[in-house]
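Let me begin by presenting the structure, written as structure tokens, before commenting on it.
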Number of protein chains: 2
Amino acid sequence: MSTALPPLTALRAFDAAARHMSFAKAADELNVTPAALSFQIKSLEEHLGAPLFRRLNRAVELTDAGRALAPDAQAGFETLTAGWRAAQRTQDHQSLIVTAGPAFTAKWLAPRLYDFAQAHPEIELRFSASLRIMDFNRDNIDVAIRFGTGPDEGLFAMELVDEFVVPVMVPEMAARYPTPEDLAQATLIIDNSIDFLSPPANWDAWFRAMKVNVTPSYGPAFSQADHAIDAALAGVGVALGRRALVIKDLSDGRLVAPYPYALPVSGRFRFLCPEGAETRPQIVAFRNWILEEVAKTSHVADAMTMLDPFAS
Amino acid sequence: MSTALPPLTALRAFDAAARHMSFAKAADELNVTPAALSFQIKSLEEHLGAPLFRRLNRAVELTDAGRALAPDAQAGFETLTAGWRAAQRTQDHQSLIVTAGPAFTAKWLAPRLYDFAQAHPEIELRFSASLRIMDFNRDNIDVAIRFGTGPDEGLFAMELVDEFVVPVMVPEMAARYPTPEDLAQATLIIDNSIDFLSPPANWDAWFRAMKVNVTPSYGPAFSQADHAIDAALAGVGVALGRRALVIKDLSDGRLVAPYPYALPVSGRFRFLCPEGAETRPQIVAFRNWILEEVAKTSHVADAMTMLDPFAS
DNA sequence: ATAGTCAGTTAAATATATCTTATCTGAGTG
DNA sequence: CACTCAGATAAGATATATTTAACTGACTAT
């Protein structure tokens, strides 16, 4: 039995027909006449020596052979399409598609976007905020910014600055809670988005590292870090904010960190792109811009004293 | 930027060229002249608007665009090939390719093969003994027999009989160890191949279920169940054998199980094939034959008393 | 040096595959 | 009973792919 592939055009016609379960719709998708599609399927069936579809009254259905072929045909063409798109993207120096989690998008990227647009008017930046880890080729992504530790196979990775968490609140509230012990009276906002970290970076860990013995009264809990920070900005209470997500608000004075003791966390925000793509001009520009922006606010972090995350 | 795929023949030419890193070898693989391949690559590069290869003195190397495309191109065509082979297999009623672990192949299939060949001379049976779990389409497999519990997505599965382990030895040895307590004096052969089971099905578990308090003296340990049984057949000692693997030897008298107390285990051997393939004639024949063979030796197991695997 | 070889390119002719238009079939539908 | 819908088919037109044969430019070995 010949292992060689049949004519690929015919295979593609089959894929479209199997996905739509209709020759007419498949022909439409491929911008050919139904007649052409009919020929292609017939040719494929001749190559195989057996029918792939059963022609019914007003419908078609797959034969056993068709059912064996269809899933791999679909997957194969999807992969080819993804690869072709990736190759096309290497030729595009105008646009840049970035994916990041909702928190980083809202609290780091969004407030600085105007700045990037000013510096690089030629680059059309698009965002795709999603927690789902995306596949660069399949999802048409150029750059991802993800919180984690790496390493990642086959990816170019650059770690942004050391990450930590520190209690943040609106300035008016800071006057009411001059010392960490006073936080026993405060509403502590909970951020569950980094529960997966080890060692943990929650309120309990911060108090322990501070060697402060309080029985905190917890307030609302959020599954996304940006919502917890928004709550703090609204004056709801005190949040334990990750550096990257609160440093802009601290720098601009919307939030303050009255106790300059920060708890290091094991993850960092990382800049990721497919290997080889790190030299594309718009990716270079974006990466340099991120580094510049990080540097702009580093003075805020310099004033912090790092706690021992393993203190007991 | 058009998202449509370029001519597929050109893509396939690129795939071959990228895999071989040589136009000449790629042309050879595709049974065309180097000239044809050169045209195909050129056409693909025109579609993309950029070169995919850098032509060097006596070699070619991929450009960034080529590097972005090559992996997905290769994966895509591999998937298409696997699917096509799967479709071709549905048309083949003569041959049957079975994969099973080494132990099942050696101790169950191999001794019965002559029987199947007699009953179905029209079916050409081939074996692929491997511990690696294989992909039906990718590896050209019709049927797999695996030890486990399921369920399996998208597969047709049939569980063979309940599985258990029982001490087995050569008949001469049985006279020396009339009671389970006597096993303290015997060499106990260890089979590590089912260490992953829960609850465990090792000597310790069997003695505990028997409520026999012995301090066993362990002999050689094997990572594959058939080797442990071979050791028992060679008179090395007493093995704890899985039903399916020892029942033929018990039935034929090469081994005996002097203590008819068997410990049930949580896994079973399972007959697996792609969904829809279970009606193909040679698969039906093979499946029925397995069921018949299982029935032939069931009297041996009927004489066993099942122990409580959770006894403490 | 200089001819030989190797890898890939190119032009022109040709073969093959693919697509279209137009007509046809056959089973439901109003 | 005419109508529509999904697909099949025939014949000619067009686009794609391939071959043969001649060419380039760099390394290789006398």
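Sequence lines set the chain letters: A, B, ... in the order given, protein chains first and strands last, and positions in each chain run from 1. Quick caveat, the model's predicted, so the values are computed rather than measured.
One atom, CG of A:D28, and another, P of D:dG7, lie 12 Å apart when rounded to the nearest Å. Per the geometry, CD1 belonging to A:I41 stands 16 Å off P belonging to D:dA6, to the nearest Å. Between B:M21 atom CE and C:dA7 atom P there is a gap of 14 Å when expressed in whole angstrom units. Spacing between atom CZ of A:F23 and atom P of D:dC5 amounts to 18 Å, rounded to whole angstrom units. In this structure, the NE2 atom of A:H47 is 12 Å from the C1' atom of C:dT16, given to the nearest Å. The NZ-P distance, from B:K25 to C:dC6, rounds to 13 Å in whole Å. Between A:L52 atom CG and D:dA8 atom P the separation is 12 Å, expressed in whole Å. In this structure, CG of A:L11 is placed 15 Å from C1' of C:dA17, rounded to the nearest angstrom.
Panel note: side chain A:R280, backbone A:R89; a donor-acceptor pair is recorded below 3.5 Å.
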**Prompt:** What is the per-nucleotide protein-contact pattern of nucleotides 11-19 of chain D, from the 5' end, where B denotes a base atom under 4.0 Å from a protein heavy atom, S denotes such proximity for sugar-phosphate atoms only, and - denotes neither?
**Reply:** ------SSB
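Within the 4.0 Å cut-off from OP1 or OP2 of D:dA8, at least one side-chain nitrogen or oxygen of A:R55 is found. Listed pair A:K42 / D:dT9 meets the phosphate criterion, a side-chain N or O lying under 4.0 Å from OP1 or OP2. Considering only side-chain N and O atoms, A:S38 lies nowhere under 4.0 angstrom from the phosphate OP1 or OP2 of C:dC19.
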**Message:** I'd like to know whether A:E29 forms a side chain to side chain contact (heavy atoms under 4.5 Å, CB included) with A:R19, so could you lay out the CA-CA distance, the side-chain angles of the two residues, the decisive distance to 0.1 Å, and finally the verdict.
**Reply:** CA-CA 11 Å; A:E29 173 184 313; A:R19 274 186 288 105; 2.8 Å; yes
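A:I123 places none of its side-chain heavy atoms less than 4.5 Å from the side chain of A:F286.
Between A:D226 and A:A106 the shortest heavy-atom distance is OD2-CB, 3.7 Å.
Within 6.0 Å of CZ in A:F196 there are more than 12 heavy atoms belonging to other residues, nucleotides or ligands.
Applying the side-chain hydrogen bond (donor to acceptor under 3.5 Å, both in side chains) test to residues at least two apart or on different chains, the pairs with a partner in residues 30-49 of chain A are A:E45-A:R55.
With sequence neighbours excluded, the residues forming a side chain to side chain donor-acceptor pair (under 3.5 Å) with A:R67 are A:D64, listed by chain and number.
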